[in-house]
Undergrad: 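Below you will find the structure I want to go over with you.
Throughout, numbering of the chain's residues begins at 1 and tracks the sequence. Read the numbers this way: they start at 1 and go in the same order the structure lists the ligands and their atoms.
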Amino acid sequence: MRRAICFLFLLLLSGSLLGQAVRYDEGRKIWLLSMGASSYAMGVDANNHLRHIYWGSHLWRTEDLTPPRPLRDGSSFDPKEMFENEEYAGWGGPRFYDAALKLVRADGNRDLVLQYASHSVSGNELHIRLKDIRDDINVTLHYRVYPSEGVLRRHSTIENNTRAPITVESAQSATWHLPAGEGYKLRYLTGRWAAETQLVEEPVHVGTKVLESRKGHTSHGINPWFSLDDGAAGEESGRVWFGALAWSGNWRITVEQTQYQQVRVTGGYNSFDFAYSLAPGETLETPAFFAGFTAGGYGAASRTLHRFERSQIFPGGLNARPRPVLYNSWEATTFNVDEPGQKALADKAASLGVELFVMDDGWFGERNHDRAGLGDWTVNPKKFPQGLKGLIDHVNAKGMEFGLWVEPEMVNADSDLYRAHPDWVIHFPDRPRSELRNQMVLNMARDDVREHIFKVLDKLATENNVRYFKWDMNRAVSEPGWPGEPLPEQRELWVKYVRNVYEIIDRLRAKHPTLEIESCSGGGGRVDLGILARSDVVWPSDNTEAFDRLRIQEGFTQAYAPQVMSAWVTDVPNMNRRSVPLKFRFLVAMQGALGIGANLNEWKEEDFTLARQMISLYKRIRPTVQQGALYRLMSPRHGEITANQYVAEDGKQAVLFVTRHAQQYNLPTPAIRLRGLDEKAVYKMEMLDGPPAMGRQQPQAPVSREVSGAYLMSQGLNVFLRGDYDSTAVMLERVR
Ligand code: GLA
């Protein structure tokens, strides 16, 4: 009986909490969405326009919100439609900005004015249907609230219910409005090949800043993530609005400050070279655009995203296994792979404690260099006389899982696949087909190509004990012709390509439930929440140089959780001809999903000894790093010391990584104040470089190896780093 009452109580409690996530004030036509510590609101005005009202800290009363008021034209040049902050505007009427949806009807009419028609709520989801003032062209705005994670998901479905075809020319997922004002600061991630996810910040001025990819993949150049703050935010304080778009093709996010002090962010499919035809009854769905708000600064914004991704985006959710320590052959052997060579590397990798051995490029067809073989996914019999079985059995016998590199979307001209299907590559007939890295892009938008690629990968995964595909994509899409397809359908290639890539991965995963996917595109060219919904890990950059990586990782973790950030220890001298000590390389790579990409044949005994120690240490702190809360204490952009701290979800363990470069003579390491600990708790410290008694500590360091959270967060910790590229780590275990 008591159990039944308890259950009823829990049911009511969860019902009321769910009910609170989406609230509707029917009398005043206002919706209030509550995402834990933040809220979002919109309402319908007298003209039936759906207008944004609020986005910020949590509100608990719909009564506090004012329904959108009727506005008056500012002048004949400044119509009221320009001030209205519509949730999702059609391009029509006197709207002179980039609306969320632009289309053309068969008769050339391009006017689209969307009005509220109806809505429905189911659990944490709200669906609002908008309709054109005349035609049966509908847009459903989907809102999904994640109350425990503090995130809101938005996207739209465009539906042509008229009797004639329409062509969509721009389809955005959502427009996000921020409180009106000036002085906002934008942060975004830019870069280039081998220097991805560089965090930059700049003031928002009147005008539009366009963040985008036109390359067919997410791109190294800009990543689909943004954060805006009111100009006063810092790492641990201040109001921050942030978002990320889940799309791995041509995307666009515009950040706009209008002449009327409105600030808005619109994102979805890139309208560059975009067209999508909708026959009567057809629909187009836009990608998910996730966003959140925090009053806790940039650190809280990224921690919110990390938690959200882990519970709602990544395959396996919170039950996903921690990423195994990986070895990858690429930097050691490049294309020169063969069974004895890989076995020898596997033996050495296993002796270090590696758990997953990945053979990279070079194992198939005539792939002896990057000019041949792509497309021919059969094992090269000269390199692997027993097929892959000989190597895989060996790897498995050493207690490791096996992973394989593939680049399914590409062909070399010198390949059997291209000779059989030259028409399968993306190109305009009678025009040059550019070959970047000597390869062309298969038209993945075609259903026959999709089926072929699925079959090839399915066969590989069925016939071999492959636990993991490293799925690469080593060039961007250019000359985007689709011979044989009529216009404007040809332009649907941009969308259908990505959908088919997603579909292949989804089908493979469904058929091979333990198969894992690494997303790579010449490094970090395909990192976004769309691919991450179907990948277990991503390759952030081909630049594995540890010092450069500090910045790449700082940018990466603004948007994406350390769990999916593959990070290898490789050989020196590396990029920039820089040589940093092995310990430094390990301590940088241990801040993500640790891997080894070095040529172990060249390693000395002392390298193996250090690597073994580091890998076994990593295994102790792995859940804290991969699934904990990341606090950035000192940024590589601001000085010669970088410090990052990770705190386990249950608060029982924390780990601090500190690296130093370009020390000026006699300049001590400043005290590093930790975060995210419990003031009242006592932590046992374990210094990587031995206890203070070993002379590695400065005088003001705590003498005791047990320290309170209060002390660690107020006075801080002195670590002793001397000279260039010194590094250390401190582990903290809560003892009471
Ligand atoms: C890309 C990847 C590398 C490696 C090579 C193989 O550059 O980013 O990690 O797999 O391809 O050709």
Side-chain angles (χ1 to χ4, degrees), residues 191-197 215-221 223 248 326-338 341-342 345 349 356-377 379-380 383 402-412 414-415 435-441 457 460 466 468-476 516-528 531 535-546 548-549 552-553 556 564-571 574-575 589 592-599:
R192 52 200 176 275
W193 173 79
E196 298 85 337
T197 54
K215 293 182 161 179
H217 66 148
T218 324
S219 96
H220 305 78
N223 191 272
S248 314
L326 156 160
Y327 179 81
N328 179 294
S329 66
W330 174 244
E331 293 198 21
T333 46
T334 64
F335 301 100
N336 306 316
V337 295
D338 60 17
Q342 294 298 299
L345 283 172
L356 168 65
F357 182 87
V358 182
M359 176 161 66
D360 211 280
D361 203 348
W363 58 269
F364 52 91
E366 290 303 311
R367 187 75 170 163
N368 301 314
H369 40 68
D370 65 15
R371 297 183 301 284
L374 276 181
D376 300 338
W377 300 106
V379 66
N380 181 311
K383 297 177 180 178
F402 182 77
L404 194 62
W405 181 93
V406 287
E407 193 179 357
E409 299 151 77
M410 302 289 159
V411 272
N412 289 117
D414 186 0
S415 68
E435 294 185 22
L436 305 174
R437 208 195 189 205
N438 309 302
Q439 61 197 56
M440 290 173 279
V441 189
L457 296 173
L460 276 174
V466 173
Y468 180 99
F469 280 135
K470 173 178 173 183
W471 180 308
D472 211 338
M473 186 221 192
N474 272 313
R475 61 157 291 179
E516 296 183 331
I517 302 286
E518 169 183 345
S519 167
C520 172
S521 179
R526 186 145 63 193
V527 179
D528 60 80
I531 201 71
S535 309
D536 302 272
V537 69
V538 294
W539 184 227
S541 181
D542 276 345
N543 186 344
T544 55
E545 196 284 308
D548 275 9
R549 270 277 172 144
I552 293 171
Q553 294 183 178
F556 186 99
V564 295
M565 183 174 76
S566 182
W568 302 349
V569 171
T570 54
D571 292 323
N574 203 300
M575 298 225 169
L594 175 66
I596 313 288
N599 186 353

Undergrad: Do Thr544 and Glu331 meet the criterion of a side-chain donor-acceptor pair at a distance under 3.5 Å?
TA: yes

Undergrad: Using a 4.0 Å heavy-atom threshold (strictly under), name the region of Arg437 that reaches ligand 1: side chain, backbone, both or neither.
TA: side chain

Undergrad: Given 3.5 Å as the limit, does a donor-acceptor pair link the side chain of Asp376 with the main chain of Glu366, or not?
TA: no

Undergrad: So, the side chain of Ser248 versus the backbone of Thr218: is there a donor-acceptor pair under 3.5 Å, distance only?
TA: no

Undergrad: List ligand 1 atoms under 4.0 Å from Gly523, heavy atoms only on the residue side.
TA: 8 (O)

Undergrad: Between Arg549 and Ser541 (side chain of the first, backbone of the second, donor and acceptor by atom type, cut-off under 3.5 Å), is there such a pair?
TA: yes

Undergrad: So if I count the atoms of ligand 1 from 1 in the order they appear, which ones are less than 4.0 Å from some heavy atom of Cys520?
TA: 2 (C), 8 (O)

Undergrad: Starting from atom 2 (C) of ligand 1, what is the nearest protein heavy atom, named by residue and atom, and what distance separates them?
TA: Asp472 OD2, 3.1 Å

Undergrad: Just jot down the ligand 1 atoms closer than 4.0 angstrom to any heavy atom of Asp361, in number order.
TA: 6 (C), 12 (O)

Undergrad: Check contact between His369 and ligand 1, using heavy atoms of the residue and a distance below 4.0 angstrom.
TA: no

Undergrad: Geometry only, no angles: is Trp568 polar-contacting ligand 1 at N/O separations under 3.5 Å?
TA: no

Undergrad: Among all protein non-hydrogen atoms, which one is nearest to atom 8 (O) of ligand 1, and what is the separation to 0.1 Å?
TA: Asp542 OD1, 2.4 Å

Undergrad: Considering distance alone, does some N or O of Trp330 sit under 3.5 Å from an N or O of ligand 1?
TA: no

Undergrad: Measure up the Trp377 and Trp405 rings against each other and bin them: parallel (under 30°), tilted (30 to 60°), perpendicular (over 60°).
TA: tilted

Undergrad: If we ignore angles and hydrogens, is there a donor and acceptor under 3.5 Å between the side chains of Asp360 and Ser329?
TA: no

Undergrad: Determine whether Asp414 and Asn412 satisfy the following criterion, side-chain hydrogen bond (donor to acceptor under 3.5 Å, both in side chains), listing intermediate values before the conclusion.
TA: CA-CA 5 Å; Asp414 186 0; Asn412 289 117; over 6 Å; no

Undergrad: Could you check whether any heavy atom of Lys470 sits closer than 4.0 Å to an atom of ligand 1, since that is the contact criterion I want to use?
TA: yes

Undergrad: Backbone, side chain, both or neither: what part of Asn474 comes under 4.0 angstrom of ligand 1, heavy atoms only?
TA: side chain

Undergrad: Looking only at protein heavy atoms, which one is nearest to atom 4 (C) of ligand 1, and how far off is it?
TA: Asp360 OD1, 3.4 Å

Undergrad: Can you name the one residue among Lys215, Glu407, His217, Glu409 that meets side chain to side chain donor-acceptor pair (under 3.5 Å) with Ser521?
TA: His217

